Q: 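Just dropping this structure here.
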Amino acid sequence: MLEKQLEYIRSKTDFVPEIAVVLGSGLGELADKIDIKCTVDYSELEDFPISTAPSHKGRFVFGEIEGKKVVLMQGRIHLYEGYSSKQITLPIRLMRIMGANKLILTNAAGGINSAFSPGDFMMISDHISCFVDSPLIGKNNDTIGSRFPDMGNAYDKDFQRIVKKVAYDNGIKIHNGVYVQLKGPQFESPAEIKMLSALGADAVGMSTVIETIAAVHCGFKVCGISLITNYACGILDKALSGEEVVETADRVAPDFEKLIKEIIKAI
């Protein structure tokens with residue numbers, strides 16, 4: 001399947017990216033602002049999952065940012081859309097065989113840590129994956145990666161040092177923290193947030209962790225950055241909404257775009 005999808009992409013472009021970026025909420029417009037060489041809609045690819053989340057266009061964008069060759073996922077796939085972990089991580093593996101070896105994962109997340117406020121950024125230093133199915137369940141393809149990949153350096157420490165320096169140099173405040181993925185699409189309950197806090201989670205969302213697992217498995221160096229778009233449920237006495245997530249993401253988008261561009265320039 002991957003080989004057929006790669007063959008189709010190669011029929012449209014011979015562009016070989018060095019860096020792959022998954023654009024979460026608030027970053028989608030970045031793909032429209034780069035030096036675009038080619039785009040491929042997910043719907044053009046055989047047996048490829050289609051993004052149905054609001055504001056996710058659902059296409060690969062090939063181009064250059066700060067002189068670096070990149071492939072951007074303008075729209076990711078989520079478990080709540082009805083896809084399996086294997087389907088969701090298909091794009092990650094595809095970008096790896098396109099030639100990219102560094103991956104930047106971004107997302108919108110709810111802040112659990114009381115030190116976080118909506119509009120803050122969090123560099124993911126580790127994750128909790130036990131609430132979602134691993135994309136590695138089933139027969140392993142030894143040509144892609146190990147049967148039992150180590151997650152001790154899932155978010156590459158050298159990458160993390162670069163992110164911290166870039167944020168500092170550009171006056172962008174960024175926290176460090178543990179991210180947990182749940183399935184969604186409902187927001188978490190107050191009791192669930194209390195449980196996640198007790199487990200050591202700083203932020204919660206509906207993506208990213210299974211992408212990281214697949215990425216480490218196939219040899220990517222991974223960086224993860226969350227935009228804290230809202231306080232997690234129960235922290236404030238107010239209802240959560242998708243509109244609040246979008247509103248915060250749109251407000252902070254210029255800083256988010258700058259951060260990602262500068263990280264790409266630095267690696």
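All values derive from a computational prediction rather than experimental measurement. The residues of the chain are indexed from 1 along the displayed sequence.
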Q: Using a strict cut-off of less than 4.0 Å between a Lys/Arg side-chain nitrogen and an Asp/Glu carboxylate oxygen, indicate whether Glu18 and Lys68 qualify as a salt bridge.
A: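 Judged by the 4.0 Å cut-off on N to carboxylate O distance, Glu18 and Lys68 do not form a salt bridge.
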Q: Which distance, rounded to the nearest 0.5 Å, do you find between the CD of Glu211 and the CG of Asn107?
A: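 It is 8.5 Å, given to the nearest 0.5 Å.
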Q: Can you see which heavy atom on Val132 is nearest to which on Leu182, and at what distance?
A: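 Val132 and Leu182 have their closest heavy atoms at CG1-C, 4.2 Å.
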Q: Got a salt bridge between Arg161 and Asp158, using NZ or NE/NH1/NH2 to carboxylate O under 4.0 Å?
A: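 Salt bridge between Arg161 and Asp158, a charged N being under 4.0 Å from a carboxylate O: yes.
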Q: So, taking the atom named CD1 in Ile92 and the one named NE2 in His217, what distance separates them when rounded to the nearest 0.5 Å?
A: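 Result: 14.0 Å between the selected atoms.
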Q: For the pair Asn140 (side chain) and Gly145 (backbone), establish whether a donor and an acceptor sit closer than 3.5 Å, ignoring hydrogens and angles.
A: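 Flag set: sc Asn140 to bb Gly145 pair under 3.5 Å.
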Q: In Å and rounded to the nearest 0.5 Å, what is the CG to SG distance from Leu196 to Cys233?
A: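 SG of Cys233 is found 11.0 Å from CG of Leu196.
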Q: To the nearest 0.5 Å, how far apart are CZ in Arg10 and CG in Asp14?
A: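 Going from the CZ atom of Arg10 to the CG atom of Asp14 covers 7.5 Å.
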Q: Do the side chain of Ser197 and the main chain of Lys194 share a donor and acceptor less than 3.5 angstrom apart?
A: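 Such a contact is absent between Ser197 side chain and Lys194 backbone.
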Q: Asn101: what forms a side-chain hydrogen bond (donor to acceptor under 3.5 Å, both in side chains) with it, not counting sequence neighbours?
A: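 Per chain and number, Asn101 pairs via side-chain hydrogen bond (donor to acceptor under 3.5 Å, both in side chains) with no residue.
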Q: Can you check whether Asn176's main-chain N or O pairs, donor with acceptor, with Ser125's side chain at less than 3.5 Å?
A: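 No.
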Q: Are the side chain of Asp120 and the backbone of Ile228 linked by a donor-acceptor contact shorter than 3.5 Å?
A: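 Absent.
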Q: Answer whether the closest heavy-atom distance between the side chains of Leu105 and Ile225 falls below 4.5 Å.
A: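 Not touching, per the 4.5 Å side-chain cut-off.
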Q: Would you please indicate yes or no on a ring centroid separation below 6.0 angstrom for Phe116 and His175?
A: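 Yes - the distance between ring centres of His175 and Phe116 falls below the 6.0 Å cut-off.
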Q: Between Ile193 and Ala232, what is the shortest heavy-atom contact and its length?
A: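 Closest approach of Ile193 to Ala232, heavy atoms only: CD1-CB, 3.6 Å.
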Q: For Thr143, what residues pass the side-chain hydrogen bond (donor to acceptor under 3.5 Å, both in side chains) criterion, not counting sequence neighbours?
A: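 For Thr143 the side-chain hydrogen bond (donor to acceptor under 3.5 Å, both in side chains) partners, ignoring immediate neighbours, are Asn141.
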Q: Is the closest side-chain heavy-atom distance between Phe62 and Lys69 below 4.5 Å?
A: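 No - every pair of side-chain heavy atoms lies 4.5 Å or more apart.
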Q: Evaluate the criterion side chain to side chain contact (heavy atoms under 4.5 Å, CB included) for residue pair Tyr231 and Ser117; output intermediate values, then yes/no.
A: CA-CA 7 Å; Tyr231 292 106; Ser117 299; 3.6 Å; yes
Q: Any cation-pi pair here, Arg59 with Tyr42, using under 6.0 Å and within 45°?
A: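 Cation-pi check for Arg59 and Tyr42: fails.
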Q: Charged N to carboxylate O under 4.0 angstrom, Glu44 versus Lys12?
A: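 Answer for the salt bridge query: yes.
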Q: Got a second to check how far Gln160's CD is from Tyr155's OH, nearest 0.5 Å?
A: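 Rounded to the nearest 0.5 Å, the CD-OH separation comes out at 10.0 Å.
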Q: In Å, rounded to the nearest 0.5 Å, how long is the span from CG of Leu72 to OG1 of Thr39?
A: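 If I round to the nearest 0.5 Å, the distance is 11.5 Å.
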Q: Would you mind telling me which of Val166, Ile162, Val163 makes a side-chain contact (heavy atoms from CB on, under 4.5 Å) with Ile267?
A: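 Checked Val166, Ile162, Val163 against Ile267; only one passes side-chain contact (heavy atoms from CB on, under 4.5 Å): Ile162.
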Q: If we ignore hydrogens and angles and just use 3.5 Å, is the side chain of Gln87 paired with the main-chain N or O of Phe48 as donor and acceptor?
A: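 Pair absent, no side-chain N/O of Gln87 close to backbone of Phe48.
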Q: Is it true that a side-chain atom of Gln5 and a backbone atom of Leu45 form a donor plus acceptor pair closer than 3.5 Å?
A: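 Checking the backbone N and O of Leu45 against the side chain of Gln5, no donor-acceptor pair under 3.5 Å is found.
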